[in-house]
Amino acid sequence: MDKHRFVEKTSWLRPYTRWATRFSLNAPRWLPGVLRNAPLKLSSLVLRGYHRALR
């Protein structure tokens with residue numbers, strides 16, 4: 001699969017991924033890691049699914 005095509009097809013997810021990263025880094029430390037990283041895990045799951053579908 002062409003890397004450029006994958007980046008093009010997943011550009012709609014980029015703003016969400018940026019927000020999820022900011023959320024995880026700025027979340028209070030008393031918040032459990034599972035909740036802090038949940039948005040990033042969701043983004044990762046979507047990207048893995050897209051990568052499988054585009055192959």
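Bear in mind that the values here come from a model prediction, so they are computed numbers and not experimental data.
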Residue pair T10 / H51, side-chain heavy-atom distance below 4.5 Å: no
Qualifying residues under ring pair (Phe, Tyr, Trp, His ring centres under 6.0 Å), relative to W30, sequence neighbours excluded: none
What donor-acceptor contacts under 3.5 angstrom involve side-chain atoms of residues 31-41, with partners at least two apart or in another chain?
from : atom 1 : to  : atom 2 : distance (Å)
R36  : NH1    : R29 : O      : 3.3
R36  : NH1    : L31 : O      : 2.6
N37  : ND2    : G33 : O      : 3.3

Interatomic spacing from CG in L13 to CG in L47 - rounded to 0.5 Å: 5.0 Å
Pairs where residues 16-26 contributes a residue and the test side-chain hydrogen bond (donor to acceptor under 3.5 Å, both in side chains) is met, not counting sequence neighbours: T17-S43
Which atom of V46 lies closest to which atom of W12, heavy atoms considered: CG1-CH2, 3.8 Å
